[in-house]
Colleague: 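The structure that follows is given in the form of structure tokens.
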Amino acid sequence: AQSVAQPEDQVNVAEGNPLTVKCTYSVSGNPYLFWYVQYPNRGLQFLLKYITGDNLVKGSYGFEAEFNKSQTSFHLKKPSALVSDSALYFCAVRALGRSTDSWGKLQFGAGTQVVVTP
Amino acid sequence: NAGVTQTPKFRVLKTGQSMTLLCAQDMNHEYMYWYRQDPGMGLRLIHYSVGEGTTAKGEVPDGYNVSRLKKQNFLLGLESAAPSQTSVYFCASWDGASYEQYFGPGTRLTVT
């Protein structure tokens with residue numbers, strides 16, 4: 001069975017400093033990996049994905065993530081954090097299965113709260 | 001193009017009452033999902049649908065029912081609400097071309 005772990009409940013960073021949100025996964029076969037962001041009282045918004053190809057994936061709002069197969073990780077990064085990046089971040093992996101039912105299903109991590117202070 | 005919309009945004013129920021949450025999407029997506037979000041637990045899949053007229057159970061289906069009579073709508077029902085169903089409920093639809101899920105704004109449900 002696949003699983004996703006976000007080892008940090010909260011990440012605190014000063015504005016202008018680099019931001020990293022960690023994610024590790026466990027799947028059989030090739031993973032499809034995603035990052036979503038949730039601002040207060042809002043639904044989840046897609047940030048970026050890794051399906052295949054280049055291990056460094058660039059996404060919305062200046063975020064990027066690096067797929068590392070040997071470490072089974074997909075950490076989210078931003079070189080210079082903004083106060084407006086304060087939000088809840090979710091890593092997700094596409095559930096795999098033989099049936100077409102599984103094609104769109106995602107397994108989400110527990111989420112990491114990012115707090116960026118001025 | 002409204003994307004995914006959910007009705008209502010907030011609701012308070014007494015234990016034992018019933019209600020239906022409505023999700024609508026205008027992107028012509030085949031696959032739709034209902035999740036619940038609880039603190040520290042991420043999103044857990046309740047039920048999903050891979051097309052009009054089809055539904056399937058997710059990770060936490062007990063106490064919920066769903067229907068997909070029209071492709072654009074996915075309804076989540078609570079027949080007899082319990083305090084354990086106090087949560088924020090999200091609907092999503094899946095774009096098979098981009099592999100992305102699109103989420104609605106959520107419904108905050110409190111059961112007293």
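Reminder, nothing fancy here: chain letters follow the sequence lines and each chain counts from 1.
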Colleague: Determine whether F46(A) and F103(B) satisfy the following criterion, side chain to side chain contact (heavy atoms under 4.5 Å, CB included), listing intermediate values before the conclusion.
Modeller: CA-CA 9 Å; F46(A) 170 80; F103(B) 285 81; over 6 Å; no

Colleague: Taking a hydrophobic cluster as the set of Ile, Leu, Val, Met, Phe, Trp and Tyr residues connected by side-chain heavy atoms closer than 4.5 Å, whether directly or through intermediates, do M32(B) and F90(B) fall within one such cluster?
Modeller: no

Colleague: Given side chains that start at C-beta, do those of R108(B) and N41(A) come closer than 4.5 Å, heavy atoms only?
Modeller: yes

Colleague: Between atom NZ of K105(A) and atom OH of Y33(B), what is the distance when rounded to the nearest 0.5 Å?
Modeller: 8.0 Å

Colleague: Between K49(A) (side chain only) and S98(B) (backbone N and O only), is there a donor and an acceptor less than 3.5 Å apart?
Modeller: yes

Colleague: Flag yes if more than 12 heavy atoms outside E79(B) fall under 6.0 Å of its CD atom; otherwise flag no.
Modeller: no

Colleague: Tell me the closest heavy-atom pair linking G40(B) and A110(A), and the distance in Å.
Modeller: O-CB, 3.6 Å

Colleague: Output the distance between atom OH (Y99(B)) and atom CZ (F34(A)), rounded to the nearest 0.5 Å.
Modeller: 8.5 Å

Colleague: What about Y48(B) and L76(B), same hydrophobic cluster or not, with Ile/Leu/Val/Met/Phe/Trp/Tyr joined at side-chain heavy-atom distances under 4.5 Å?
Modeller: no

Colleague: Going hydrophobic residue to hydrophobic residue with side-chain gaps under 4.5 angstrom, can you get from L75(B) over to Y31(B)?
Modeller: no

Colleague: If hydrophobic clusters are built from ILVMFWY residues whose side chains come within less than 4.5 Å, do W34(B) and Y36(A) share one?
Modeller: no

Colleague: Is the backbone N or O of L44(A) less than 3.5 Å from a side-chain atom of Y102(B), with the two atoms forming a donor-acceptor pair by type?
Modeller: no

Colleague: Between L48(A) and L56(A), is there shared hydrophobic-cluster membership here, with clusters defined by ILVMFWY side-chain heavy atoms closer than 4.5 Å?
Modeller: no

Colleague: Do you know which of Q37(B), K9(B), M41(B) has the most heavy-atom pairs with chain A at a distance under 4.5 angstrom?
Modeller: Q37(B)

Colleague: Tell me, do F108(A) and R44(B) make a side-chain contact under 4.5 Å, heavy atoms counted?
Modeller: no

Colleague: Please look at Q45(A) and chain B and tell me whether the side chain, the backbone, both or neither of the residue comes under 4.5 angstrom of a heavy atom of that chain.
Modeller: neither

Colleague: Measure distances from L43(B) to the heavy atoms of chain A and classify the residue's part below 4.5 Å as side chain, backbone, both or neither.
Modeller: both

Colleague: Is it the case that over 12 heavy atoms from other parts of the model lie below 6.0 angstrom from the NZ atom of K22(A)?
Modeller: no

